[in-house]
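Labels below follow one simple rule: chain letters A, B, ... track the order of the sequence lines, proteins then strands, and each chain is numbered from 1. Heavy-atom basis, side chains included; hydrogens, waters and symmetry copies ignored.
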Amino acid sequence: MKRAQTNIVVFVFILLIVVGVIAFLLSAARTLNPVEYLNLYAHNSLLSVLREDTGYTDSNCKLVSDVISCSFFTPTWQCDGSGPTCRSLAEEKITEAMDQFEIIKKSYRYLFRVEPEGFVVKDAAGTPFSINIGDGTLATEKGEKITANERISRVSQSGQFLLKVQLILKKK
Amino acid sequence: MKKAQSELMNYVFLTFLLMVAVTMIIIFLIGWQVTQLNFEKSKGITDRALFLLKYTTATPLLVKDVSLFDDRKLAMFAVGGEETCTKLASFVGGGDWFFNVTVFDGKAPVRCAPGEVTNCNQWSFCEQSGRKFTAFALPVNVYRTFAITTPTDFLTQTDLGVVTVGVYT
């Protein structure tokens, strides 16, 4: 009886070692998760979208950052006189650009967000206006997210206005 | 006799189990060492690739501004061919690495010949076929220059693109 117990104890002990070794080797096969790279990727994605040319030549519509700014301050402006409005062009160009980024497209949900900082812009219906492209739930969702921030500044006779531009990424 | 045989079998079984346990511990230690070594090697390559990625997106040899490549600089740099790789290696400490810049202009990628700026949208440097590598890609802008009528009259445009930097393993 005693011997049988000893055998069982030894067997369980060895089983634990085997399971432990397997679990350790599996967990040790860790992959590199370069957080620094993902932050760099998010920031460069945001910056390169803002600096991209839209193909229109007037000063309100030349760069994506220009059309974003124009969306808030002169929303009904039509690019090059008869082109699209700043708001529709901003949404089109941002969506188009985000679709080009392979890593984001394959593995991340994104939210491209622009909102005024320290002032409120109201749309035709009288509600505060902001640009939200992508997955709107990311703004309030908890968990690990990568956020890149930029600011667009606009100086007019009434002072300097800032727009806060954010790109939020979260693993799918 | 039967009891003695049974006890002997028991000892053989226990010895076997102990041998299994010792073998497992040895595997565990070797596996741990190998994993650590592989991880350190992989980390070294990743760190180097990231350093080179930051370098290429910031060196005035290739960019107008951080992450804004200049197509004319890329075209002129490509003229050097193999010499370019040697020159770059002297700046970043040698080693086998490559990079390429592709413009997202809605067209299929077309490799630029050395010195070429128009009618192409991809510049590659120091690439070696058939080798394994670790690479990172980063969204960037490419400042493109298109000649209109005279050599001094240009149309420029900032396009979206991607730079890929890799280290051969």
Linking I/L/V/M/F/W/Y whenever their side-chain heavy atoms sit closer than 4.5 Å, directly or via other members, would [X] and [Y] fall into one cluster?
{"X": "Leu111(A)", "Y": "Leu169(A)", "value": "no"}
{"X": "Leu50(B)", "Y": "Phe133(B)", "value": "no"}
{"X": "Trp77(A)", "Y": "Phe72(A)", "value": "no"}
{"X": "Leu63(A)", "Y": "Val165(A)", "value": "no"}
{"X": "Val63(B)", "Y": "Tyr143(B)", "value": "no"}

If you round to the nearest 0.5 Å, how far is [atom2] of [Y] from [atom1] of [X]?
{"X": "Thr158(B)", "Y": "Glu52(A)", "atom1": "OG1", "atom2": "CD", "value": "9.0 Å"}
{"X": "Phe136(B)", "Y": "Ile103(A)", "atom1": "CZ", "atom2": "CD1", "value": "8.5 Å"}
{"X": "Arg144(B)", "Y": "Asp53(A)", "atom1": "CZ", "atom2": "CG", "value": "12.0 Å"}
{"X": "Glu36(A)", "Y": "Leu53(B)", "atom1": "CD", "atom2": "CG", "value": "9.5 Å"}

If you count heavy atoms of other groups shown closer than 6.0 angstrom to NZ of Lys172(A), is the number above 12?
yes

Can you establish whether the number of heavy atoms outside Phe129(A) located under 6.0 Å from its atom CZ is more than 12?
yes

Closest non-hydrogen atom pair between [X] and [Y], with its separation:
{"X": "Ser48(A)", "Y": "Leu160(B)", "answer": "O-CD1, 3.4 Å"}
{"X": "Tyr37(A)", "Y": "Leu138(B)", "answer": "CE1-CD1, 4.4 Å"}
{"X": "Val66(B)", "Y": "Arg51(A)", "answer": "O-NH2, 2.9 Å"}

Check whether Tyr41(A) gets within reach of chain B through its side chain, its backbone, both or neither, counting any heavy atom under 4.5 Å.
both

Between the main-chain N or O of Val140(B) and the side-chain N or O of Asn44(A), is there a donor-acceptor pair closer than 3.5 Å?
no

Proximal component of Leu14(B), with respect to chain A [non-hydrogen, under 4.5 Å]
side chain

